[in-house]
> 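Pasting a structure below so you can have a look.
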Amino acid sequence: MHLVPGFMALCCMAVVAGASERQAPARESHRDLQSLDGRDNNRQNPLSGAANTAYRRLAPANYADGIAVPAERPEPRYISNRIFEDQAQNLFSENGVTQWAYNWGQFIDHTVGLRGSSEEILLMSYDESDPLEFFAHGDGEFRTTRSAAMEGTGIDSAREQLNTVSSFIDAWAVYGGTEERLEWLREGPVDGDMSNNGARLLMSPGQYLPRATERGDASSAPAMERLGNLLYAPDADEQAIIAGDLRANENIALTAVQTLFAREHNRIVDQLPQGWSEQRKFDTARRLVIATQQYITYEEFLPSLGVALDPARHYRADVDTSVSNEFATVGFRAHSMIHGEIELEAKASQYDQSLLNRFDEAGIEMEFGDEGSGEIELAVPLNVAFHRPQLVTQLGLGPLLVGLGGEPQYRNDEQIDNQLRSVLFQIPVERTTEMQECLDGPTLNECFVLINDIGVLDIVRGREHGMASYNDMRKAYGLAEITSFSEMTGEASEFFPIDDALIDANDPINDPDILTFVELRDVDGQLLELGSEAADTEAVSGVRRTTLAARLKGVYGDIDRVDAFVGMISEPHLPGSEFGELQLAIWKQQFEALRDGDRFFYSWNRTLRSLLDRPELRGLTYRQTLADVIVNNTELEYDDIQANMFISVAD
């Protein structure tokens, strides 16, 4: 599941960690214990995969001047309005992959990637008079910061970008990459002396992540990103939570999984021998949490998405695990998967009336079950879920985790929900009781003025990182060159229909009717009535009045001008997979490297294996499914959830 590089990393103002943290990278003294910042994992090349090193490139850099100027192609919002706009029509995963996939993807993204940000502003303008622009506007532009250049690049050589976190799947999002942050996160004093810290991670009442005020002075807490609701809340310090990764407040699904794994760490600590030192218990729990994160990623997450890797054989020191620019900036940006709302069910008695009133005021939709059932269903629109971490405590961790597995996520295609494509992180300028419904769906534009488009950011990030064009990136991954737009999309035609009276034959690319859906089908291929409830909840494929290939050709003209990101998400899915050829190739290459180049990966980690063979640790294991971790750390039982949280279960 970036905007920071990566899957569901939605935050668009990623920053480099504070200077004091960068200057003192944490390094463990024990040769068989992962460092915090990724250093020394590879003994032959100690900086391989370490934090604050460059993303590696697989394809040649593509800048307009060969050095740093982004390539000139069609205006990104113009592309977004014709390719990404979803007309408020939901299309769901054809393989029944749940919302846990995009959430886990973001958890992994926040473990392996975070671009360094410069102070250089990138302005992205858009045409308010565009006939396909459906949203009210601000001042005709929005902005982001350009990614920082690696020292010594972008002057006489191609500009390269900085990954500020380690490239290893090492639970960075839980523990952070410096002793300074970790000391604050662990129980015990914050005095610069790690030897007097407890083994457990600091939690707030109810076993939720600690708030910025947990130790008193919020200004002394580690830096966390704050946007949207959290930026303007008068009690932001009371709401903001602190975690290993600075993006943990971004949305309630992400905050929930961060909370789950902090609880898992403490659960393990509590089962370790009491006679062990606090540091030994902490290190052991961290080993197991890292291995669990890896195990779920490779045994459940990737298979559920149809990503089949070559078999794991042994550790290879010659493999560079460093996250590639192509993976971070193109392949792992699967924003189309993100659902427009988070739905959950709970016992109505869990919430008192004052809390229900606050839910209603925030814009959470509520529906009570049949009389006597005691159930309540809640739907949290994404614009409500962004940067509102207190909702995790209010809604309850268990119901949130179950809800993410309750239904399929959106189909991974060219469509992006307008919650992300047009109002990302924004706060409604006005909201009354009558306007409540405009927080989601086709009337979303009635509540919002400002535009912030994740699809635009995906395109812009690719251009400013010098990403290869679509065809050049395919060639870099060993794939055949595509010669036509219809070959790219798998459709029969790349021309606009000439006999459709509803489309302007003289200027079809600027006719809003080119986006209209004319056919929807469910997972069994059955036709669904347009506008029906089934169309809103069961559609997995749709046909528009014009083909995607025709719109792509109308936008780009020449297939060799297509941005890699746009071409990638326009490809048809391979059988049994959520991905087309290019995206699958990017994922396969990167996840094999993250596995094979990690000396501490669970498949060959002898220290981990011998540790778990100790009689006093019998019963502890990293070989847990996500369902296991949820049951072990919440009030939920196995009967409450499906065995594989990544695959939905039919009613």
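The first residue of the sequence shown is numbered 1, and numbering continues consecutively from there.
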> Check this for me: does any side-chain nitrogen of one of Lys281 and Glu278 sit under 4.0 Å from a carboxylate oxygen of the other?
yes
> Output the distance between atom CD1 (Ile83) and atom CD1 (Ile459), rounded to the nearest 0.5 Å.
9.0 Å
> Indicate yes or no: at least one non-hydrogen side-chain atom of Gln409 is less than 4.5 angstrom from one of Ser648.
no
> Are the side chains of Arg115 and Thr145 in touch, meaning some heavy atoms are under 4.5 Å apart?
yes
> Quick check against the 3.5 Å criterion: does Thr255 have a side-chain atom that pairs as donor or acceptor with the backbone of Pro389?
no
> Do Asp86 and Arg411 pass the salt bridge (Lys or Arg N to Asp or Glu O under 4.0 Å) test, and can you show the C-alpha distance, the side-chain angles, and the key distance before you say yes or no?
CA-CA 11 Å; Asp86 71 351; Arg411 181 184 177 91; over 6 Å; no
> What are the two closest non-hydrogen atoms of Ala334 and Asn412, and how far apart are they?
CB-OD1, 4.1 Å
> Roughly how far, to the nearest 0.5 Å, is the CG atom of Leu182 from the OG1 atom of Thr178?
7.5 Å
> Does NZ or CZ of Arg186 fall inside the cone over Phe282's six-membered ring, less than 6.0 Å from its centre and within 45° of the axis?
yes
> In sequence, state the C-alpha distance, the side-chain angles, and the governing distance for Glu238 and Gln390, and then conclude on side-chain hydrogen bond (donor to acceptor under 3.5 Å, both in side chains).
CA-CA 9 Å; Glu238 288 291 336; Gln390 76 275 17; over 6 Å; no
> Dump the intermediate steps for side chain to side chain contact (heavy atoms under 4.5 Å, CB included) on Glu75 and Tyr126, then the final yes or no.
CA-CA 8 Å; Glu75 193 270 319; Tyr126 53 89; 4.3 Å; yes
> Would you please name every residue forming a ring-ring contact (aromatic ring centres under 6.0 Å, His included) with Tyr208, sequence neighbours left out?
none
> Just wondering, do Thr111 and Asp245 contact through their side chains at under 4.5 Å, heavy atoms?
no
> Would you call Glu225 and Arg247 a salt bridge, using N to O less than 4.0 angstrom?
no
> Which atom names give the shortest non-hydrogen contact between Ser118 and Arg146, and what distance separates them?
OG-O, 2.7 Å
> At their closest point, which heavy atom of Leu391 faces which heavy atom of Ile364, and how far apart are they?
CD2-CD1, 4.0 Å
> Looking only at atom types and distance, does a side-chain atom of Asn103 sit under 3.5 Å from a main-chain N or O of Gln99, one as donor and one as acceptor?
no
> Run the side-chain hydrogen bond (donor to acceptor under 3.5 Å, both in side chains) check on His339 and Glu407 step by step: do they pass?
CA-CA 10 Å; His339 207 294; Glu407 66 176 9; 2.8 Å; yes
> Taking Glu183 for its side chain and Asp193 for its backbone only, find out whether a donor-acceptor pair lies under 3.5 Å.
yes
> Output, in order, the C-alpha distance, side-chain angles, deciding distance and verdict of side chain to side chain contact (heavy atoms under 4.5 Å, CB included) for Leu356 and Ile376.
CA-CA 11 Å; Leu356 293 175; Ile376 183 173; 3.9 Å; yes
> Assess the residue pair Asp453 and Arg77 against the criterion (salt bridge (Lys or Arg N to Asp or Glu O under 4.0 Å)); give the C-alpha distance rounded to whole Å, side-chain angles, the decisive distance to 0.1 Å, and a yes or no.
CA-CA 8 Å; Asp453 185 336; Arg77 181 67 179 182; 2.7 Å; yes
> Val402 and side-chain contact (heavy atoms from CB on, under 4.5 Å): which partner among Leu344, Leu636, Ile630?
Leu636
> Quick check, are the ring centers of Tyr102 and His335 under 6.0 angstrom apart?
no
> Counting neighbours of CG on Asp217 that are heavy atoms of other residues, nucleotides or ligands and sit closer than 6.0 Å, is the number greater than 12?
yes
> Would you say the side chains of Glu250 and Gln106 form a donor-acceptor pair under 3.5 Å?
yes
> Check this for me, if you would: do Glu214 and Arg211 make a salt bridge, where the nitrogen-to-carboxylate-oxygen distance has to be below 4.0 angstrom?
no
> Would you compute the distance between atom CG of Leu36 and atom CG of Asp170 and round it to the nearest 0.5 angstrom?
8.5 Å
> Is a donor on one side and an acceptor on the other found under 3.5 Å between the side chain of Arg200 and the backbone of Val269?
no
> Compare all side-chain heavy atoms of Glu343 with those of Leu378 and state whether any distance is below 4.5 angstrom.
no
> Calculate, to the nearest 0.5 Å, the distance between atoms CD and CD belonging to Gln350 and Gln394 respectively.
11.5 Å
> Is there a side chain to side chain contact (heavy atoms under 4.5 Å, CB included) between Leu401 and Trp100 once you walk through the steps?
CA-CA 8 Å; Leu401 300 178; Trp100 258 110; 3.6 Å; yes
> Can you check side-chain hydrogen bond (donor to acceptor under 3.5 Å, both in side chains) on Gln161 and Asn325, steps first, answer last?
CA-CA 8 Å; Gln161 289 74 34; Asn325 222 322; 2.9 Å; yes
> When you measure from the side chain of Ser147 to the backbone N and O of Ser117, does any donor-acceptor pair fall under 3.5 Å?
no
> Minimum heavy-atom separation for Asp37 and Gly177, please, with both atom names.
CB-O, 3.8 Å
> If the threshold is 4.0 Å, N to carboxylate O, is there a salt bridge linking Arg463 and Asp458?
no
> So do Val289 and Ile268 actually touch side chain to side chain, heavy atoms under 4.5 Å?
yes
> Kindly assign one of parallel, tilted or perpendicular to the pair His265 and Tyr175, based on the angle between their ring planes and the thresholds 30° and 60°.
perpendicular
> Mind checking the CD1-OG1 spacing from Ile241 to Thr259? Nearest 0.5 Å is all I need.
6.5 Å
> Side-chain contact test, heavy atoms from C-beta onward, threshold under 4.5 Å: evaluate it for Arg181 versus Leu246 and give yes or no.
yes
> I want to check something: taking the side chain as every heavy atom from C-beta on, are His387 and Asn251 in contact at a cut-off of under 4.5 Å?
no
> Between Met224 and Ile242, what is the shortest heavy-atom contact and its length?
CG-CD1, 3.4 Å
> Is there a side chain to side chain contact (heavy atoms under 4.5 Å, CB included) between Val165 and Asn163? Walk through the geometry before answering.
CA-CA 6 Å; Val165 308; Asn163 185 3; 3.5 Å; yes
> Would you please indicate yes or no on a ring centroid separation below 6.0 angstrom for Phe261 and Phe107?
yes
> Calculate, to the nearest 0.5 Å, the distance between atoms CD and OG1 belonging to Gln207 and Thr393 respectively.
11.5 Å
> Given side chains that start at C-beta, do those of Met203 and Glu187 come closer than 4.5 Å, heavy atoms only?
no
> Applying side-chain hydrogen bond (donor to acceptor under 3.5 Å, both in side chains), run through Asn81 and Glu85 and close with a yes or a no.
CA-CA 5 Å; Asn81 285 337; Glu85 163 64 44; over 6 Å; no
> Are more than 12 heavy atoms, taken from residues, nucleotides or ligands other than Glu635, located less than 6.0 Å from that residue's CD atom?
yes
> List the steps and the verdict of salt bridge (Lys or Arg N to Asp or Glu O under 4.0 Å) for Arg82 and Asp130.
CA-CA 11 Å; Arg82 288 153 180 79; Asp130 183 350; 2.8 Å; yes
> Is a side-chain donor or acceptor of Asn90 paired with a backbone partner of Asp536 at a separation under 3.5 angstrom?
yes
> Of all the heavy-atom pairs spanning Gly206 and Arg263, show the shortest one and how long it is.
O-NH2, 3.2 Å
> Under a 3.5 Å distance rule, please check whether Asp352 uses its side chain to pair with a backbone N or O of Leu355 as donor and acceptor.
yes
